[in-house]
Amino acid sequence: MAAPGEAAAVAAPSQSEVAAGSAASAVVLPERLQRREAERQQGVERQRQKKEAQVVKEEQSEFFLATFAREREAVEALLAAGTLEEAAARLQALQKLLTGSVRFLAPYEVRQGQETVARLQGDLAARRQQLQPKKKFAFRALKKEAAPGSAPRPAEPAPPAPAAPGTGLAEGDSGGPPLCGFSGARDRELELGPAELLQQDVLLSELRGCRVRLRGNPNTLRVRDCRGCTVLCGPVSTSVLVDGCSECLLALACQQLRTHRTRDCRLYVQVTSRAVIEACSAVSFAPYSWRYPGIERDFETSGLDRNSNNWNLVDDFDWLATDKPSPNWSLIPEQERITCWD
């Protein structure tokens with residue numbers, strides 16, 4: 001049996017062991033403090049960068065709003081003065097300013113900007129129509145009376161009526177009739193060429209089962225209340241509005257695309273800004289693939305960038321959730337996309 005002194009000696013740690021334990025604790029404690037301090041500094045840096053990014057974003061937004069308001073007033077003044085070519089050029093620059101600023105603007109600012117541009121485009125179309133030279137008066141030959149007992153001459157089939165606004169104007173419509181387009185046709189092959197379309201405002205309305213080819217460079221395009229139609233359009237310098245359509249196939253190239261009250265439609269698009277849908281269902285998207293002789297020249301005159309295409313970026317104004325995709329639109333699978341349009 002060990003003596004009491006020996007037991008105490010065995011139980012008590014030596015001075016060297018105590019010193020080693022203290023040294024180990026001293027090493028562990030600073031390491032923990034260093035890690036916590038590093039994490040704290042990283043958190044502070046993240047907050048600083050976030051704050052700086054927010055400040056930059058707000059400054060960019062303020063600069064955009066001031067510039068946009070100034071350019072809008074300039075376009076309005078040019079329209080009032082009747083200087084339409086300069087107004088059209090300034091309006092196109094205004095559209096490009098909005099398109100290039102989408103990435104840092106709030107959704108409501110983008111929407112307000114798009115509505116302003118659409119309104120100005122309608123005003124431009126109305127002023128163009130208003131300032132067109134009126135047709136000169138000319139005598140018309142009187143119809144000859146049919147001889148008694150002769151068979152009446154059969155009436156010639158009427159061509160498709162030129163597009164004209166209905167009683168209710170859709171968004172982006174002007175108060176006066178557009179310069180070209182088609183309205184009310186059924187089961188027809190309809191076509192306009194480069195000379196007829198160049199920088200014109202085009203309206204296709206109330207068509208049923210028609211195939212429309214627009215080979216050229218319009219300024220704007222509105223497709224309204226069409227059913228079961230195919231619409232193939234060359235590059236549009238500014239905006240396209242599709243409103244109240246169903247079961248249609250559309251090939252569209254433009255700066256801005258807005259789709260309202262539309263269902264069961266397939267859209268092949270090249271669009272500079274993000275496409276917008278509202279009150280839509282079962283609309284699907286694929287990249288623009290229509291081709292025709294002279295399309296490269298039309299792209300040059302339109303000012304569209306062939307290398308910029310946000311065909312798969314779509315904002316649904318009726319779907320606010322950020323963690324789930326909108327059920328109202330989809331992408332057309334690659335194996336199902338149209339490659340030959342003839």
Side-chain angles (χ1 to χ4, degrees), residues 60 62-102 105 109-135 163-165 169-181 192-203 214 216-222 233-241 252-258 270-273 294-306 308:
Q60 289 175 326
E62 291 175 0
F63 174 79
F64 165 81
L65 292 175
T67 306
F68 190 87
R70 185 173 63 250
E71 290 300 307
R72 183 202 68 225
E73 292 173 358
V75 172
E76 290 172 341
L78 290 168
L79 289 175
T83 315
L84 301 190
E85 294 307 317
E86 187 177 352
R90 295 288 287 268
L91 181 53
Q92 188 169 353
L94 189 67
Q95 173 69 67
K96 289 183 178 180
L97 171 65
L98 176 61
T99 300
S101 306
V102 166
L105 293 177
E109 292 174 329
V110 174
R111 185 171 185 175
Q112 288 178 343
Q114 290 173 336
E115 290 173 351
T116 297
V117 170
R119 176 181 61 80
L120 291 174
Q121 288 168 349
D123 293 345
L124 176 61
R127 287 291 282 160
R128 278 177 170 161
Q129 181 66 20
Q130 183 182 7
L131 297 178
Q132 266 192 323
K134 297 184 182 296
K135 293 182 179 179
L169 296 179
E171 179 185 349
D173 282 356
S174 62
L179 300 183
C180 62
L192 292 172
E196 299 161 298
L197 291 171
L198 183 60
Q199 290 302 302
Q200 299 298 318
D201 299 295
V202 181
L203 173 61
L214 304 176
N217 166 219
N219 180 49
T220 65
L221 171 65
R222 300 191 297 277
C233 185
V236 179
S237 293
T238 56
S239 68
V240 173
L241 173 64
L252 309 165
C254 56
Q255 282 194 21
Q256 174 190 349
L257 172 63
R258 301 196 68 178
Q270 173 157 343
V271 58
T272 307
S273 62
I295 192 172
E296 295 299 332
R297 180 180 63 253
D298 291 335
F299 264 102
E300 291 177 3
T301 59
S302 72
L304 297 181
D305 184 358
R306 294 295 314 256
S308 178

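The structure displayed is predicted, hence computed values, not measured ones.
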Could you tell me which non-hydrogen atom of [X] sits nearest to which non-hydrogen atom of [Y], and how far apart they are?
X: Asn219; Y: Val236; result: O-CG1, 3.3 Å
X: Thr238; Y: Cys254; result: O-CB, 3.7 Å
X: Pro218; Y: Gly234; result: CD-O, 4.4 Å
X: Leu197; Y: Val202; result: CD2-CG2, 3.7 Å
X: Leu120; Y: Leu79; result: O-CD1, 4.2 Å

Look up atom [atom1] in [X] and atom [atom2] in [Y], then write down how far apart they are to the nearest 0.5 Å.
X: Gln256; Y: Leu98; atom1: CD; atom2: CG; answer: 6.5 Å
X: Arg297; Y: Ser302; atom1: CZ; atom2: OG; answer: 12.0 Å
X: Leu203; Y: Cys180; atom1: CG; atom2: SG; answer: 9.5 Å
X: Ser237; Y: Asp298; atom1: OG; atom2: CG; answer: 9.5 Å
X: Glu300; Y: Asn217; atom1: CD; atom2: CG; answer: 11.0 Å
X: Leu78; Y: Glu86; atom1: CG; atom2: CD; answer: 4.5 Å

List in chain and number order the residues that pass side-chain hydrogen bond (donor to acceptor under 3.5 Å, both in side chains) with [X], two or more places apart in sequence or in another chain; answer none if no residue qualifies.
X: Glu76; result: Arg119
X: Arg90; result: Glu71
X: Ser273; result: none
X: Ser101; result: none

Side chain Glu196, main chain Gly193, donor-acceptor under 3.5 Å: yes
Working for side-chain contact (heavy atoms from CB on, under 4.5 Å), residues Glu62 and Leu65: CA-CA 5 Å; Glu62 291 175 0; Leu65 292 175; 5.8 Å; no
Any [X] side-chain heavy atom under 4.5 Å of [Y] side chain:
X: Leu91; Y: Leu124; value: yes
X: Arg258; Y: Glu115; value: yes
X: Phe68; Y: Glu109; value: no

Contacts of Thr272 that satisfy side-chain contact (heavy atoms from CB on, under 4.5 Å) - sequence neighbours left out: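 For Thr272 the side-chain contact (heavy atoms from CB on, under 4.5 Å) partners, ignoring immediate neighbours, are Thr99, Gln255, Leu304, Ser308.
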Qualifying residues under salt bridge (charged side-chain N to carboxylate O under 4.0 Å, His left out), relative to Glu296, sequence neighbours excluded: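 Checked Glu296 against salt bridge (charged side-chain N to carboxylate O under 4.0 Å, His left out); matches are Arg306.
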